[in-house]
2 protein chains.
Amino acid sequence: MPALLLKDLPRFECLLEYARHNPDLDPSALVAYLHLLRASDIAFAAADRNFTRFGLSHGRFGVLMLLLRKEQADGSCRVDEKSGRTPADLAAAAGVSRATMTGLIDTLERDGLVTRQPDEQDRRMMVVKMTEQGRERLSRLLPIHFQTVAELLAPLSESERQTLLQLLSRIRDPRAVALDPVAADAPASFST
Amino acid sequence: MPALLLKDLPRFECLLEYARHNPDLDPSALVAYLHLLRASDIAFAAADRNFTRFGLSHGRFGVLMLLLRKEQADGSCRVDEKSGRTPADLAAAAGVSRATMTGLIDTLERDGLVTRQPDEQDRRMMVVKMTEQGRERLSRLLPIHFQTVAELLAPLSESERQTLLQLLSRIRDPRAVALDPVAADAPASFST
DNA sequence: CTATTGTCGTTAGCAGGCTAACTATCCGCC
DNA sequence: GGCGGATAGTTAGCCTGCTAACGACAATAG
């Protein structure tokens with residue numbers, strides 16, 4: 001069920017051993033890297049257990065969250081009524097390929113959590129909408145999901161979470177860094 | 001290619017928006033959780049690009065590392081000559097199912113990086129050994145892999161890495177915590 | 001010595017990503 | 001007005017993980 005491999009802890013030994021034999025490389029980077037994968041895998045698997053209980057997966061959950069967000073557009077978030085509802089838009093927003101999004105929507109539609117109708121203006125497009133049942137299921141899952149997240153981070157104090165977040169946000173894709181070296185030490189505020 | 005979804009950044013907005021509408025839940029936990037998945041995904045994908053360049057995957061790389069470790073047994077590491085070479089042992093050490101290990105070894109054997117021979121003592125078992133070609137490929141890959149890891153962590157100073165590591169190692173599986181609450185605040189030194 | 005129990009490796013079939021290629025449609029330019 | 005290039009959604013096929021179930025074999029109980 002965990003999409004990422006749980007195999008980090010065991011590999012610790014081998015890699016660290018190798019590092020011991022080759023002291024020219026950076027042991028602290030390696031250890032941090034392995035802990036990062038391990039912690040993320042734990043969090044991923046914990047969330048996935050909740051999703052599975054509700055007949056969802058990480059991918060399908062993401063789609064429903066995107067649709068929920070659109071529905072909250074009447075609230076504080078200014079999102080034009082149109083954007084984000086077509087499969088292509090959802091795929092871009094969710095970070096998966098259009099082909100994958102087709103499969104996700106297929107399953108969601110089969111389970112009655114989502115509807116798919118042809119767009120009237122542009123007949124290439126489809127319009128994906130969340131059903132009442134989808135909203136209901138999401139509203140049952142979300143408190144549990146957030147509680148799980150809270151439990152995962154429970155061992156850390158508020159200020160420690162800030163520190164963790166600040167350190168994590170400075171880890172960047174080396175390729176991206178090469179393209180945009182200036183951003184390497186920016187505080188990196190995503191959600192704004 | 002990335003086995004974990006790259007879709008964390010986009011979902012930031014939706015989840016944070018939801019959190020804004022429901023202030024009873026823990027925003028700092030949610031943000032830390034999302035940054036954790038994102039950072040891990042970046043690291044995972046960066047490593048995976050190297051593996052792919054050398055015809056490997058995360059899983060196959062892990063197997064070779066385990067076999068390499070066995071081979072270093074003549075050095076500083078006291079490992080009995082026998083352990084860790086059967087598929088079942090490798091599966092347990094790598095954290096995958098035995099069925100998955102069969103597939104990993106199949107591919108590695110097909111590519112000539114590993115051999116599989118029946119065990120003489122116990123005819124249920126097989127003995128997996130790394131070939132010279134496997135050693136050679138691993139020795140070409142490892143410097144690049146370690147350099148990638150070093151680049152990923154380059155934005156952090158030595159003491160920041162220590163902090164990161166210390167915070168990450170306190171994130172535990174909620175289920176495991178329930179079983180062993182004492183370990184929840186232990187420093188958690190794995191590699192010893 | 002036989003029967004039960006358990007382990008090893010493999011197979012079959014599922015899930016969820018991906019790319020590449022296809023059809024249908026829109027847009028812009030002549 | 002029509003034609004070429006871009007875009008939407010789908011399909012087909014691959015990869016890699018998983019579980020469940022199998023036959024072969026070992027180990028132990030009686």
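Each chain gets a letter, A, B and so on, in the order the sequences are listed, and its residues count up from 1. Reckoned from all heavy atoms, side chains included, excluding hydrogens, waters and symmetry mates.
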Of C:dT10, D:dG9, D:dG17, the nucleotide closest to the side chain of B:Met126 is C:dT10
B:Leu90 CG to C:dG9 P: how many Å, rounded? 9 Å
Can you confirm whether more than 12 heavy atoms, excluding those of B:Glu120, are under 6.0 Å from its CD atom? no
Provide, to the nearest angstrom, the distance between the CZ atom belonging to A:Phe61 and the C1' atom belonging to C:dA15. 19 Å
Tell me, please, which residues at least two apart from B:Arg116 pass salt bridge (charged side-chain N to carboxylate O under 4.0 Å, His left out). B:Asp106, B:Glu109
Determine whether the side chains of A:Glu151 and A:Gln147 contain a donor N or O and an acceptor N or O closer than 3.5 Å. yes
Can you check the B:Ile105 CD1 to D:dC15 C1' distance for me, whole Å? 18 Å
d(CG, A:Asp41; C1', D:dC18) in whole Å: 14 Å
May I have the distance from B:Leu108 (atom CG) to D:dT16 (atom C1'), rounded to whole angstrom? 13 Å
B:Asp89 CG to C:dT7 P, in whole Å, measures 14 Å
Could you list all N or O pairs between the protein and nucleotides 19-27 of chain C that sit under 3.5 Å apart?
residue: C:dC26; atom: OP1; partner: A:Arg123; partner atom: N; Å: 3.0

Rounded to the nearest angstrom, tell me the gap between atom CE in B:Met125 and atom P in D:dA24. 18 Å
D:dC15 phosphate, OP1 or OP2: any side-chain N/O from B:Arg60 under 4.0 angstrom? no
Where the side chain of A:Ser57 is concerned, which of D:dT10, C:dG16, D:dC18 is the nearest nucleotide? C:dG16
Check side-chain contact (heavy atoms from CB on, under 4.5 Å) between A:Ala91 and all other residues, then give those that pass, not counting sequence neighbours. A:Val96, A:Arg98, A:Met101
With sequence neighbours excluded, what pairs up with B:Glu136 under the side-chain contact (heavy atoms from CB on, under 4.5 Å) test? B:Arg140
Within less than 4.0 Å of OP1 or OP2 of C:dG9, is there a side-chain N or O belonging to B:Thr102? no
CZ of B:Phe44 versus C1' of C:dG17: gap in Å, rounded? 11 Å
According to salt bridge (charged side-chain N to carboxylate O under 4.0 Å, His left out), does anything in residues 159-169 of chain A pair up with another residue at least two apart or in another chain? List the pairs. A:Glu160-B:Arg170, A:Arg161-B:Asp26
Applying salt bridge (charged side-chain N to carboxylate O under 4.0 Å, His left out) to B:Asp111 and not counting sequence neighbours gives none
